[in-house]
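Just below is one structure, and these are the notes that go with it.
All ligand and atom numbering here is 1-based and tracks the order in the structure.
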Amino acid sequence: METRRVLLVEDEKSIRDAVVAYLEREGFWVTPAADGEAALHAFSLHNFDLIVLDLMLPKVSGEDVCREIREKSDVPIIMLTAKGEVDDRIAGLELGADDYLVKPFSPRELIARIKVLLRRSHVTDIPQRDFLKYGDLELDVGGHRALLAGKDLDLTVSEFKLLLVLARYPGRVYSRMELVDKVLGYDFEGYERTVDSHIKNLRAKLGDDPKEPRYISTVHGVGYRFEAQG
Ligand code: CA
């Protein structure tokens with residue numbers, strides 16, 4: 001298998017060094033960056049398969065780094081956040097991060113999550129063409145793209161997967177737990193709010209009004225459902 005390139009953005013040297021050592025031992029090619037500016041510079045020079053991004057950074061904040069990267073790329077991003085900063089974690093997901101880890105975290109858990117995200121984003125390497133079409137909305141499964149009236153919605157890996165799971169079976173209600181399981185592939189703290197954040201992003205991109213959704217309905221107390229009529 002091809003070597004995976006990871007951009008690690010962390011200003012605390014001890015954490016940065018430990019994570020670099022761990023990732024290298026696992027066979028990853030790691031580019032460390034100590035602040036937001038260095039991160040954006042590295043991002044402009046290389047193609048990365050995944051980004052591990054600390055939220056609290058000097059020069060350019062993790063939030064701004066995430067926002068800038070998301071304007072150009074749907075590369076998987078794992079946010080690192082300080083303990084207890086729930087709002088920060090949610091903010092990270094709303095900016096388009098795919099996952100987050102709360103400090104202090106074990107390097108082993110970080111590796112496990114990196115592998116899950118890489119598996120998800122590389123499933124689409126398989127050159128299959130599979131299209132789902134509902135009204136103006138078209139899902140290009142092989143191409144990993146969602147188009148609305150022909151326009152690419154630029155979904156992140158998690159958003160696309162979530163939309164695909166829902167749209168495969170229109171009318172079927174999925175609980176948040178099921179969506180966590182199918183989309184994120186494992187269970188972790190704050191899962192409901194993670195799914196809710198991704199749904200919120202998806203609706204914004206689809207131009208879906210949560211009060212009168214055209215595509216994704218909320219089933220109160222249960223979860224979400226894709227509306228077939230589009
Ligand atoms: Ca920091």
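- Of the possible polar contacts, none joining the R225 side chain to the V219 backbone as a donor-acceptor pair under 3.5 Å is found.
- Around the Ca ion (ligand 1), protein atoms of type N, O or S found under 3.0 Å number 3.
- Under a cut-off of 6.0 angstrom, the local environment of CG in D209 is crowded, with over 12 non-hydrogen atoms contributed by other residues, nucleotides or ligands.
- For K133, there are no side-chain hydrogen bond (donor to acceptor under 3.5 Å, both in side chains) partners at least two apart in sequence or on another chain.
- Contacts of R70 classified as side-chain hydrogen bond (donor to acceptor under 3.5 Å, both in side chains), with partners at least two apart in sequence or in another chain: D98.
- Here the NE2 atom belonging to H144 is positioned 8.0 Å from the CG atom belonging to L164, to the nearest 0.5 angstrom.
- Evaluation of the side chain to side chain contact (heavy atoms under 4.5 Å, CB included) rule for K115 yields E26, I111, R119 as partners, not counting sequence neighbours.
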